[in-house]
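These notes are about the structure you will find just below.
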Amino acid sequence: MSATSNPFGQVLVALVTPMTADGEVDWPGVEKHIDHLISHGADGIVVTGTTGETSTLTDAEKLRLVEVGKSVSAGRASIITGGGSNETAHAIELYKASEKAGADGVMVVTPYYNKPTQAGVLTHFRMVADATDLPVILYDIPGRAGIEIKYETILRAAKHPNILAVKDAKGDLSEVSRVMNQTDLLYFAGDDANALPTLAIGGTGLIGVTANIAPAPYRTIVDAVNSNDLATATAAHRALEPLVRAIMTHVPGTVAAKYVLHGLGRIDSPRVRLPLVGPEDHEAAIIEDEMALVRDIEGVDLSRFRPDRNAAAGGALPKVAGTTR
């Protein structure tokens, strides 16, 4: 099979959306954060994904995030719009508007909550892919969607000329291998802990949450795999393990990522929008204990780590409601 050319990049960050203490998007903070990530090794930024709090962003905010991303990137990294909708008509409109706003690709999540059959899932993906000329990443995340994209559905979706990739948060690497044997699809690890394992079986890269805090070691892993240097890749993978555990296992990833980014002085507020809330004391204590185990990660200076549980407490109710569809 011919290898699909990759329009997305390999080190993709599932961008947090920095917000003010009252829950409004901190636009200067967004620009600063995106620039930091690109200058430290990210070659793709996924805005408005789960980590970006897509469920509570307005459509106008989502489109502006694409525009700001394109402006800051200035061609240094691809800007991919994530999220989507569990309403096919709304998803189509959102991705058409994202294309006009300058997005380089779209990531389409499995329709969540309404639990369509696989025929419905496939129709949703095909109609979104028909509506735009942008390359499409399918996002398989049964833990959030309530349903998986079954193997047979992925094979059928892969026949669409715009559907080029899968972000896999199912974690079944034997199935990933099986799909890659049958298709030209590019595979991105959707679980941070699986970045190296996915690359090791021929995957393309990762779309990572922890990369908000430390894109450089993921760049190291990808570059090492590309040059067949497993020892270097494995060393970086092992160093990342406590950081990945701190961010991904105790509270939602965006909550922990913002808490740590704020503690490191990288964003001005750790605020998230309701129904997400900042870590409670016992959760914050666990995150801080895990962070104390982090050693020798490029770009993470824990001597400067000043977590602020009060600043993170609770969640914000923004002035303008987002769209849940």
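Keep in mind it's a predicted model, so treat the numbers as computed, not measured.
If you chain together hydrophobic residues whose side chains sit under 4.5 Å apart, Ile149 and Met127 fall into the same group. Cluster membership check: Phe8 does not share its hydrophobic cluster with Val209, using side-chain heavy-atom separations under 4.5 Å among Ile, Leu, Val, Met, Phe, Trp and Tyr. Val47 and Ile141 sit in two unconnected hydrophobic clusters of ILVMFWY residues. Membership requires side-chain heavy atoms under 4.5 Å apart, directly or through other members. No chain of hydrophobic side-chain contacts below 4.5 Å, direct or via other Ile, Leu, Val, Met, Phe, Trp or Tyr residues, connects Ile38 to Val46. Grouping the Ile, Leu, Val, Met, Phe, Trp and Tyr side chains by contacts below 4.5 angstrom, directly or via other members, places Val13 apart from Leu261.
With sequence neighbours left out, Ala236 forms a side chain to side chain contact (heavy atoms under 4.5 Å, CB included) with Thr220, Ile221. In this view, Asp301 and Arg304 satisfy the salt bridge (Lys or Arg N to Asp or Glu O under 4.0 Å) rule, not counting sequence neighbours. Pro252 is linked by a side chain to side chain contact (heavy atoms under 4.5 Å, CB included) to Val255, Leu276, counting only residues two or more places apart in sequence or in another chain.
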Practice task
Please lay out, stage by stage, how Glu53 and Arg273 fare under the test salt bridge (charged side-chain N to carboxylate O under 4.0 Å, His left out).
Solution key: CA-CA 8 Å; Glu53 299 178 67; Arg273 286 180 178 175; 5.8 Å; no
Exercise for the section: Carefully, step by step, assess Arg76 and Asp35 under the rule salt bridge (charged side-chain N to carboxylate O under 4.0 Å, His left out). Expected result: CA-CA 10 Å; Arg76 295 177 295 159; Asp35 185 66; 2.8 Å; yes
Practice task
Could you give me the CA-CA distance, side-chain angles and deciding distance for Ile297 and Leu240, then say whether side chain to side chain contact (heavy atoms under 4.5 Å, CB included) is met?
Solution key: CA-CA 7 Å; Ile297 289 185; Leu240 277 165; 4.0 Å; yes
Problem - Evaluation steps, side chain to side chain contact (heavy atoms under 4.5 Å, CB included), between Ser98 and Leu63 - result: CA-CA 6 Å; Ser98 297; Leu63 296 176; 3.7 Å; yes
Practice task
Give the C-alpha distance, both sets of side-chain angles, the deciding distance and a yes or no for side chain to side chain contact (heavy atoms under 4.5 Å, CB included) between Asn212 and His33.
Solution key: CA-CA 8 Å; Asn212 278 281; His33 186 46; 2.9 Å; yes
Handout entry: Test log, rule side chain to side chain contact (heavy atoms under 4.5 Å, CB included), inputs Val300 and Phe305
Key = CA-CA 9 Å; Val300 181; Phe305 187 47; over 6 Å; no
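Here the straight-line distance linking atom NE2 of His237 with atom CG of Leu199 works out to 11.0 Å at 0.5 Å rounding. Once rounded to the nearest 0.5 Å, the distance linking CG of Asn86 with NZ of Lys115 reads 13.5 Å. Considering OG1 of Thr88 and CG of Asn114, their distance stands at 8.0 Å, rounded to 0.5 Å. In this structure, His250 NE2 and Glu280 CD are separated by 14.5 Å, a value rounded to the nearest 0.5 Å. Taken to the nearest 0.5 Å, the CG atom of Asp184 stands 10.0 Å off from the OG atom of Ser5. Note that the CD1 atom of Ile45 and the CG atom of Leu12 stand 7.5 Å from one another [nearest 0.5 Å].
Within the 4.5 Å cutoff, no side-chain heavy atoms of Glu93 are placed close to those of Ser85. Contact check for Arg219 versus Asp43: side-chain heavy atoms found under the 4.5 Å cut-off. Looking at heavy atoms from C-beta onward, Phe188 lies out of side-chain contact with Leu206 at the 4.5 angstrom threshold. Contact check for Leu57 versus Leu65: side-chain heavy atoms found under the 4.5 Å cut-off. In this structure, Pro116 and Ile147 have side chains that are in contact, with non-hydrogen atoms separated by less than 4.5 Å. Using a 4.5 Å heavy-atom cutoff, the side chains of Tyr259 and Val251 are not in contact. You'll find the side chain of Lys62 stays beyond 4.5 Å of the side chain of Val66, heavy atoms only. For the pair Leu94/Asp59, a side-chain contact is recorded, criterion being any heavy-atom separation below 4.5 Å from C-beta on.
Across all non-hydrogen atoms, the minimal contact from Ala312 to Pro279 is CB-CD, 4.1 Å. Counting all heavy atoms, side chain and backbone alike, Ala165 lies closest to Leu185 at N-CD2, 3.7 Å. Here the shortest heavy-atom pairing between His124 and Val109 reads NE2-O, 4.1 Å. Contact record, Ile201 with Met180: O-CE, 3.2 Å, taken as the closest heavy-atom pair. Here the shortest heavy-atom pairing between Ala257 and Val16 reads CB-CG1, 3.9 Å. Considering every non-hydrogen atom in both Ala256 and Ile287, the closest pair reads CB-CD1, 4.1 Å.
A donor-acceptor pair is defined here as one N or O able to donate and one able to accept, closer than 3.5 Å; such a pair exists between the side chain of Thr254 and the backbone of Thr51. Proximity of a side-chain donor or acceptor of Glu290 to a complementary backbone N or O of Pro242 within less than 3.5 Å is not detected. Side-chain N or O atoms of Thr183 include one that pairs as donor or acceptor with a backbone N or O of Val179 at under 3.5 Å. In this structure, Lys258 contributes its side chain and Arg271 its backbone to a donor-acceptor pair below 3.5 Å. Under a 3.5 Å cut-off, the side chain of Gln118 and the backbone N or O of Glu148 do form a donor-acceptor pair. Of the possible donor and acceptor atoms, none in the side chain of Thr132 sits under 3.5 Å from a partner among the backbone N and O of Ala129. Thr123 places a side-chain N or O within donor-acceptor distance of the main-chain N or O of Ala119, the cut-off being under 3.5 Å. Of the possible polar contacts, none joining the Arg266 side chain to the Gly263 backbone as a donor-acceptor pair under 3.5 Å is found.
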Using atom types as modelled, flag every donor-acceptor pair under 3.5 Å from a side chain in residues 20-29 to any protein atom, sequence neighbours excluded.
| from | atom 1 | to | atom 2 | distance (Å) |
| --- | --- | --- | --- | --- |
| Thr20 | OG1 | Asp22 | OD1 | 2.3 |
| Thr20 | OG1 | Glu24 | N | 3.1 |
| Thr20 | OG1 | Glu24 | O | 3.3 |
| Glu24 | OE2 | Lys319 | N | 3.2 |
| Asp26 | OD1 | Gly29 | N | 3.0 |

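Applying the side-chain hydrogen bond (donor to acceptor under 3.5 Å, both in side chains) definition to pairs two or more places apart or across chains, those involving residues 191-203 are Asp192-Thr210. Contacts classified as side-chain hydrogen bond (donor to acceptor under 3.5 Å, both in side chains) and involving residues 63-73 (residues at least two apart or in different chains) are given here: Lys70-Asp104.
His160 and Asp130 form a side-chain donor-acceptor contact under 3.5 Å, judged by distance and modelled atom types alone.
Taking the centre and axis of the six-membered ring of Tyr139, the NZ or CZ atom of Lys167 falls inside the cone set by 45° and 6.0 Å.
Within a 6.0 Å sphere centred on OH of Tyr113, heavy atoms belonging to other residues, nucleotides or ligands number 12 at most. Annotation for Arg126: atom CZ counts as buried by contact number, over 12 foreign heavy atoms lying within 6.0 Å. Crowding of Asp268 atom CG: a count of heavy atoms from other residues, nucleotides or ligands under 6.0 Å not exceeding 12.
One finds no salt bridge joining Arg245 and Asp289 here, because no Lys/Arg side-chain nitrogen approaches an Asp/Glu carboxylate oxygen to under 4.0 Å.
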